[in-house]
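Everything quoted here is computed from the prediction, not taken from an experiment. One is the number of the first residue; the rest follow in order along the sequence.
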Amino acid sequence: MLVENDAPLAPLTTLRLGGPARRLVTAHTDDEVIAAVREADAAGEPLLVLGGGSNLVIGDAGFSGTALRIATEGFALDGTALEVAAGETWSEVVRRTVLDHHLAGIEFLAGIPGSVGATPVQNVGAYGQEVAQAITEVVAYDRTADEVVVLPNAECAFSYRHSRFKAEPDRYVVLRVRFRLEDADGLSTPVRYAETARHLGVEQGDRVAVDTAWKAVLLLRAGKGMVLDPADHDTWSAGSFFTNPVLTAAQYESFRTRPGAEDAPAYPAPEGCTKTSAAWLIDRAGFGKGYGSGPATLSTKHTLALTNRGSATAEDLLALAREIRDGVREAFGVELVNEPVMVGVTL
């Protein structure tokens with residue numbers, strides 16, 4: 001276990017901004033993770049759990065407690081059952097399942113930055129696939145009960161970009177994630193996303209070679225600046241900064257009365273709700289690709305990504321986020337919600 005004081009956190013995030021942690025602990029085993037959490041809890045100090053840092057906005061003042069960086073390793077595959085340590089890099093796990101083992105189930109989640117342990121928290125999803133569809137169990141340390149628990153999928157309360165772990169952020173620390181993949185003789189799961197189907201030249205519902213699906217997603221993500229590249233400031237982001245709004249029937253009817261909203265994308269959502277596109281709303285509210293003139297701007301490749309052009313502060317980024325949120329609200333009456341976790345700041 002490595003312990004550092006007054007440690008910079010910005011280099012541990014994909015946005016590359018934010019102040020230092022009073023104390024940074026890097027844990028390489030589950031036992032070290034649990035020991036670090038117990039120590040922080042016993043001292044009554046704040047705890048920030050870090051994986052790949054791809055879904056965080058850390059304030060310029062930093063973090064006054066213990067930041068715990070989970071660097072555990074482990075990839076165990078038995079047939080189509082996969083168990084992965086929380087500290088493993090997600091994009092590398094997807095690559096291995098596809099290219100080394102020719103298994104389907106997470107191939108459309110290629111190129112997503114961050115660690116495995118973060119994926120169930122956010123119920124990471126893209127291109128018509130979510131980790132909730134493949135996760136069977138999550139092994140976590142329950143800080144309230146002071147014990148390791150195994151939560152089956154049905155107890156994780158997965159929904160759109162949400163989970164039990166996100167709802168109770170101070171209770172669970174994910175240690176391992178278990179998946180059930182699919183052996184489809186080298187084929188992908190059915191292509192669900194229209195953009196992916198167009199790119200592949202197939203119909204929605206068709207299957208393609210699993211490595212073909214994986215490569216297609218990487219190309220699509222790279223074209224939007226969503227594959228990490230230290231030399232490309234368009235990738236210095238937290239990915240999609242806002243979630244796609246899910247509107248009740250009444251909210252959707254009100255939204256549809258707004259000038260220009262009649263052409264807005266609309267997708268069925270649970271409980272009679274309708275999901276629309278945050279990227280569409282941002283663009284139609286006047287915030288196009290590359291919007292902004294300061295050290296934080298929208299990506300030149302994708303309107304959902306707020307980027308650090310190299311010298312931005314957290315406050316620079318948040319000022320841009322607030323401008324966009326307020327502009328969308330004024331234009332369409334829809335409140336955008338941030339997807340990244342805020343540490344020491346609020347939108």
Side-chain angles (χ1 to χ4, degrees), residues 1-7 9 12-13 20-56 58-59 62-76 78 81-90 93 114-124 131-132 134-159 161-180 340-344:
M1 190 186 302
L2 176 64
V3 180
E4 303 169 80
N5 295 317
D6 196 28
L9 292 179
L12 303 180
T13 73
R22 185 190 66 77
R23 183 170 177 263
L24 174 64
V25 177
T26 301
H28 297 277
T29 68
D30 289 352
D31 286 344
E32 288 183 355
V33 171
I34 294 169
V37 175
R38 282 175 171 159
E39 182 180 354
D41 287 348
E45 69 175 6
L47 178 72
L48 171 64
V49 179
L50 286 169
S54 61
N55 201 45
L56 284 177
I58 298 174
F63 187 68
S64 60
T66 293
L68 171 60
R69 181 170 173 261
I70 298 180
T72 53
E73 297 179 351
F75 179 103
D78 181 8
L82 175 66
E83 179 178 287
V84 189
E88 290 281 357
T89 301
W90 174 253
V93 167
S115 66
V116 169
T119 61
V121 178
Q122 192 72 5
N123 185 18
V124 166
V131 289
I135 288 175
T136 57
E137 294 176 329
V138 175
V139 182
Y141 173 62
D142 183 339
R143 297 165 67 183
T144 301
D146 188 23
E147 64 180 6
V148 175
V149 296
V150 179
L151 298 173
N153 183 295
E155 294 182 18
C156 294
F158 289 125
S159 61
R161 301 297 180 271
H162 201 69
S163 69
R164 179 176 185 174
F165 312 104
K166 189 172 183 179
E168 299 180 79
D170 297 325
R171 179 169 181 179
Y172 297 103
V173 177
V174 176
L175 301 174
R176 297 180 174 271
V177 186
R178 294 170 179 160
F179 303 88
R180 175 66 66 183
V341 175
M342 301 288 176
V343 177

How long is the straight-line distance from [atom2] of [Y] back to [atom1] of [X], given to the nearest 0.5 Å?
| X | Y | atom1 | atom2 | result |
| --- | --- | --- | --- | --- |
| Arg69 | Met1 | CZ | CE | 13.5 Å |
| Glu83 | Phe75 | CD | CZ | 11.5 Å |
| Arg143 | Asp170 | CZ | CG | 5.5 Å |
| Ile70 | Leu50 | CD1 | CG | 8.5 Å |
| Leu9 | Leu56 | CG | CG | 9.0 Å |

Are any side-chain N or O atoms of [X] and backbone N or O atoms of [Y], one a donor and one an acceptor, separated by less than 3.5 Å?
| X | Y | value |
| --- | --- | --- |
| Thr13 | Gly53 | no |
| Asp6 | Pro20 | no |
| Asn123 | Ser163 | no |
| Thr136 | Arg180 | no |

Practice item. For atom CG of Asn5, decide whether the heavy atoms of other residues, nucleotides or ligands shown that lie under 6.0 angstrom number more than 12. Key: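 Buried by this count: over 12 neighbours within 6.0 Å.
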Contacts under 3.5 angstrom, residues 23-30 side chains, donor-acceptor by atom type, not counting sequence neighbours:
| from | atom 1 | to | atom 2 | distance (Å) |
| --- | --- | --- | --- | --- |
| Arg23 | NH1 | Thr66 | OG1 | 3.2 |
| Arg23 | NH2 | Glu39 | OE1 | 3.4 |
| Arg23 | NH2 | Glu39 | OE2 | 3.2 |
| Thr29 | OG1 | Glu32 | N | 3.1 |
| Asp30 | OD2 | Arg176 | NE | 2.9 |

Exercise for review: Taking side-chain contact (heavy atoms from CB on, under 4.5 Å) as the test, write out the residues that go with Glu168, two or more places apart.
Suggested key: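 Glu168: side-chain contact (heavy atoms from CB on, under 4.5 Å) contacts with Arg164, Arg171, Tyr172.
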